Undergrad: 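The structure's right below; bear with me while I get my questions together.
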There are 2 protein chains.
Amino acid sequence: MRLTITDIAKKAKVSKSTVSRVLNNSGYVHRETREKIEQVIKENTYYPSATARNLSKKESNTIGVIIPEADNEFFGEILTGISEVVDEHNMTLIFCDTSNRFLKEERALDMMNMQRVKGLILTPVNDHSDSETEKKLKQKLRDSKIPIVLLDRGVKNSQWDGVFFENYQSAYSATEILIKEGHKKIGIITGDLKLKIGQDRYKGYLNAMEDYKMEIMDKYIYEGNFSVEKAYELSKQFIESKDLPDAILTCNNRTSLGLIKALMEYNIILGKDISAIGIDNNKVLDILGYNFSYVARDAVEMGRVAMRRLLERFEDPDKQRVEYIMPFKIYLKGSEKKKP
Amino acid sequence: MRLTITDIAKKAKVSKSTVSRVLNNSGYVHRETREKIEQVIKENTYYPSATARNLSKKESNTIGVIIPEADNEFFGEILTGISEVVDEHNMTLIFCDTSNRFLKEERALDMMNMQRVKGLILTPVNDHSDSETEKKLKQKLRDSKIPIVLLDRGVKNSQWDGVFFENYQSAYSATEILIKEGHKKIGIITGDLKLKIGQDRYKGYLNAMEDYKMEIMDKYIYEGNFSVEKAYELSKQFIESKDLPDAILTCNNRTSLGLIKALMEYNIILGKDISAIGIDNNKVLDILGYNFSYVARDAVEMGRVAMRRLLERFEDPDKQRVEYIMPFKIYLKGSEKKKP
DNA sequence: GTGAAAGCGCTAACAG
DNA sequence: CTGTTAGCGCTTTCAC
């Protein structure tokens, strides 16, 4: 059986309270007593029970993290960032992957409540959806009564802190670059337009086009869903139609891959036969020195920021909610260029 | 304040024990009483405290997972697999990322002990090292007295269950393919030879070469460390030396990228000017339809298997230790071919 | 079927 | 400086 504080107390010939004092470094303990106790603890490799401690203190040092897919570079990096800060503060991280399913999200939230996590970082499966789903989610978040930071995706009229990416502006800027390069027929492969991140990026494109008095042509607007497959299919379609746009904006890393794959198959050269900028970086393309221009965000930092926000919120629970918008950088590699 | 079982009991006009019975679905409870209690629970969105429950039951439903880097496709997939099974069994997952630092690994283990996790899945920072480090690790694992599954990397004379990749055989088979293709000067960019996974893959190469009476030439053996940078540097070196091997084996996904990057820069065509097979798949290369042949493993499945092993171990703590070796598949895409 | 009481391992007043 | 005591919120006998 595992040792308890009582065992240690007996072995050290003191009371539990004294052991507790040295464990928590609280109150005064005679130097010799302390050393004796520390020795006993070490000799017996005693680990105080976080369970008992939490129950007694009526609080935990546990942070809950709920994300939709760990096997996605982006969320892997997010997790790394969160974990880093959690670790710096000697806290414990409880992790849940929802596989992008709302049912799992609900169960994850229940679990976090039962575990009495001190705070929660959540990327909801849905993003500003109008549905029943969002109502349920918000109710659950309210019920849980703990500090929550929404990450990457949010809810309407949120009452919680959030850390988001500058979706609108990044798409606007990328489009702007294509316009200034002198392209006329500028197209877009959108993301999932049911998600706010998808809509915002699309709006960024549209507004840039309007602001610069460019003609928006429906036939160059391809509605995707953030997946490689859909983007690939759409790209193949427009390639086969022989009516290619001059330049194209892709709305996330997977969309970019779908486009690139299609272009490769048809031997269409980026930066020569067609131009493009993508949102999101693609580590591997980058390593290989592929000339694809992109809007990058720092996911690890996003994780760190979210966790730091949570820590601040613990200090000041009643302060007004804060929303962080993570900046972006655009890396131009040549694919945005107009053919000579 | 949060509601407790006592609050629910009062509201339902019964005793705590009865509420506990319906919560745990244990013992007999009159139907009407049960329904009444369930209603009260629902109306008040009461979540029983896992902390109190664990303390009382003297056991938890929590699994600890310690991995070296979540922002690595491979470990992201591992985590996904583990999480999937944890979820199926309504357990809770506590996660730690060690950033490949042993100091963090030690602290993570302490934390898991304090959290009283029921079982642990661990990918140690080091792999079969001879050092003090490994002694310390093994001592800590023994002290923790809980079921442990070692994942991807192990320790010498392990007493714990393990799930590993078939490192030796996969390298052997890949080399064999290159040999049978008719290549003569077959080289290798090794991984980190301080890690057993690095050594095993290297041995697989050497033994295949010996078995087929191929000449092993030192100048074609490039010692890498599993990183893109090192592999890139080594590749550049041998390219500039003008003394290229006919074919080359790369020992992990990053090593492959380093090689490919260098080849691209020098305009050396895979499957034509030089041949290659790599260990590990590279999702992006695959998506793009790049003709790089590789040995693939299913990381998500590895995670699932590890977690299932843990569950079995709970059932039968004294059974002899089990070691799973995950199978591999080789996908030939043309890069292994000999030039015509 | 249900309730009362003891106890899980720890912390936190309160005495002394 | 140290020990005693009373919980924390739940489960689990043991009576009734």
Side-chain angles (χ1 to χ4, degrees), chain A residues 1-38 40-41 44-62 92 110-111 113-118 145, chain B residues 1-38 40-41 44-62 92 110-118 145-146:
Chain A
M1 213 37 239
R2 277 199 127 97
L3 293 179
T4 72
I5 198 171
T6 314
D7 299 319
I8 300 300
K10 275 183 195 147
K11 286 186 202 262
K13 301 195 190 3
V14 294
S15 74
K16 294 196 294 179
S17 349
T18 309
V19 178
S20 175
R21 280 187 197 100
V22 347
L23 246 28
N24 295 285
N25 218 337
S26 64
Y28 295 93
V29 180
H30 192 83
R31 227 194 78 187
E32 283 178 26
T33 326
R34 144 164 286 124
E35 281 167 0
K36 170 72 180 162
I37 292 174
E38 278 167 349
V40 173
I41 288 178
N44 295 276
T45 57
Y46 160 71
Y47 293 104
S49 154
T51 310
R53 184 175 276 172
N54 291 344
L55 183 59
S56 180
K57 287 203 186 181
K58 306 180 63 136
E59 69 155 28
S60 81
N61 254 280
T62 304
T92 298
D110 290 345
M111 196 266 273
N113 273 313
M114 303 212 285
Q115 293 294 334
R116 301 289 191 266
V117 296
K118 190 172 184 185
K145 288 169 194 142
Chain B
M1 213 36 236
R2 277 201 127 96
L3 293 178
T4 74
I5 198 172
T6 312
D7 299 320
I8 300 299
K10 275 183 195 148
K11 286 185 201 262
K13 300 195 193 358
V14 293
S15 75
K16 293 195 292 178
S17 344
T18 308
V19 177
S20 176
R21 282 189 195 99
V22 347
L23 246 27
N24 295 284
N25 217 336
S26 64
Y28 295 92
V29 179
H30 191 82
R31 229 195 75 187
E32 282 177 25
T33 327
R34 143 163 288 122
E35 282 168 358
K36 170 71 180 165
I37 293 173
E38 279 167 348
V40 173
I41 288 178
N44 295 276
T45 56
Y46 160 71
Y47 293 104
S49 154
T51 309
R53 183 175 277 173
N54 291 343
L55 184 59
S56 180
K57 287 205 188 183
K58 307 178 62 133
E59 69 154 29
S60 82
N61 255 280
T62 304
T92 298
D110 290 345
M111 195 266 272
M112 294 296 180
N113 272 314
M114 303 211 284
Q115 292 293 336
R116 301 290 192 263
V117 295
K118 190 173 183 184
K145 288 170 195 142
I146 51 164

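These numbers were taken from a predicted model, which means no experiment stands behind them. Values below: all heavy atoms of this structure, side chains included; hydrogens, waters and symmetry mates excluded.
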Undergrad: Quick one, V14(A) with K36(A), criterion side chain to side chain contact (heavy atoms under 4.5 Å, CB included). Give me CA distance, side-chain angles, the key distance, then yes/no.
TA: CA-CA 10 Å; V14(A) 294; K36(A) 170 72 180 162; over 6 Å; no

Undergrad: dG1(C) base to T18(B) side chain: any donor-acceptor pair below 3.5 Å?
TA: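 No.
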
Undergrad: Does dG3(C) have its OP1 or OP2 closer than 4.0 Å to a side-chain nitrogen or oxygen of Y28(B)?
TA: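 False: Y28(B) side-chain N/O out of range (4.0 Å or more) of dG3(C) OP1/OP2.
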
Undergrad: Is there a donor N/O on one and an acceptor N/O on the other, under 3.5 Å, for the side chain of R21(B) and the base of dG3(C)?
TA: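 Present.
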
Undergrad: Is it the case that the side chain of S60(B) and the backbone of R116(B) share a donor-acceptor pair, with hydrogens and angles ignored and the cut-off at 3.5 Å?
TA: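 Judged by distance alone, yes, a pair lies under 3.5 Å.
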
Undergrad: Across the strands shown, which category fits N54(A) at heavy-atom distances under 4.0 angstrom: base, sugar-phosphate, nothing?
TA: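 Nothing, no heavy atom under 4.0 Å.
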
Undergrad: Could you please name the option among dA12(C), dC1(D), dT2(C) that lies closest to any side-chain atom of T33(A)?
TA: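 Between dA12(C), dC1(D), dT2(C), the one nearest the side chain of T33(A) would be dC1(D).
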
Undergrad: On DNA chain C, compare the nucleotides closest to V14(B) and R116(B); which residue's is nearer the 5' end?
TA: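 With V14(B) and R116(B) compared, the 5'-side residue is V14(B).
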
Undergrad: Starting at OG1 of T18(A), measure out to CD1 of I5(A) and round the result to the nearest 0.5 Å.
TA: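 Output value for this atom pair is 9.5 Å.
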
Undergrad: If the test is side chain to side chain contact (heavy atoms under 4.5 Å, CB included), which one of I41(A), I37(A), N44(A) qualifies with K11(A)?
TA: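 Answer to the side chain to side chain contact (heavy atoms under 4.5 Å, CB included) test with K11(A) among I41(A), I37(A), N44(A): N44(A).
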
Undergrad: Looking across every strand, which nucleic acid part, if any, lies under 4.0 Å from T4(A) by heavy atom: base, sugar-phosphate, or nothing?
TA: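 The answer is sugar-phosphate, as T4(A) gets under 4.0 Å only of primed atoms, P, OP1 or OP2.
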
Undergrad: With a 4.0 Å limit, can you tell me whether S49(B) has a side-chain N or O closer than that to the phosphate oxygens OP1/OP2 of dG9(D)?
TA: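 Result: no.
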
Undergrad: Using a cut-off of less than 4.0 Å, is there contact between a side-chain N or O of K16(A) and OP1 or OP2 of dT4(D)?
TA: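 So the side-chain polar atoms of K16(A) never come under 4.0 Å of the phosphate oxygens OP1 or OP2 of dT4(D).
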
Undergrad: Quick one: are K16(A) and T4(A) in side-chain contact, heavy atoms under 4.5 Å?
TA: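 Contact flag for K16(A)/T4(A) side chains = no.
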
Undergrad: Which is it for T92(A) and Q115(B) under the side chain to side chain contact (heavy atoms under 4.5 Å, CB included) test, yes or no, and what are the steps along the way?
TA: CA-CA 9 Å; T92(A) 298; Q115(B) 292 293 336; 3.1 Å; yes

Undergrad: Working to the nearest 0.5 angstrom, can you tell me the gap between S49(A) OG and L55(B) CG?
TA: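 The distance works out to 6.0 Å.
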
Undergrad: Return the 5'-most residue of the pair R31(A), S17(A) with respect to DNA chain D, ranking by each residue's nearest nucleotide.
TA: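 The residue mapped nearer the 5' terminus is R31(A).
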
Undergrad: Has the side chain of S56(B) got a donor or acceptor that lies under 3.5 Å from a partner of the other kind on the base of dG7(C)?
TA: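 Such a pair is found, so the answer is yes.
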
Undergrad: Have a look at the helix from dG1(C)-dC16(D) to dG16(C)-dC1(D) and give the angle its two end axes make, five pairs each, rounded to 10 degrees.
TA: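 Terminal axis comparison yields 40°.
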
Undergrad: So V19(B), base contact, sugar-phosphate only, or nothing? Heavy-atom distance under 4.0 Å.
TA: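 Answer is nothing: V19(B) stays at 4.0 Å or more from every strand.
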
Undergrad: Let's see if you can work this out: which of dT2(C), dC1(D), dG3(C) has an atom nearest to the side-chain heavy atoms of V29(B)?
TA: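 For V29(B), the side-chain atoms sit closest to dT2(C).
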
Undergrad: Has Y47(B) got a side-chain N or O lying under 4.0 Å from the OP1 or OP2 atom of dG9(D)?
TA: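 False: Y47(B) side-chain N/O out of range (4.0 Å or more) of dG9(D) OP1/OP2.
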
Undergrad: Of the candidate nucleotides dT11(D), dT11(C), dG1(C), which contains the atom at the shortest distance from the side chain of R53(A)?
TA: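 Of the options given, the side chain of R53(A) lies nearest dT11(C).
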
Undergrad: Side chain of L55(B) only, heavy atoms from C-beta on: which candidate in dT11(C), dT11(D), dG9(C) is closest?
TA: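 Ranking dT11(C), dT11(D), dG9(C) by closest atom to the L55(B) side chain puts dG9(C) first.
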
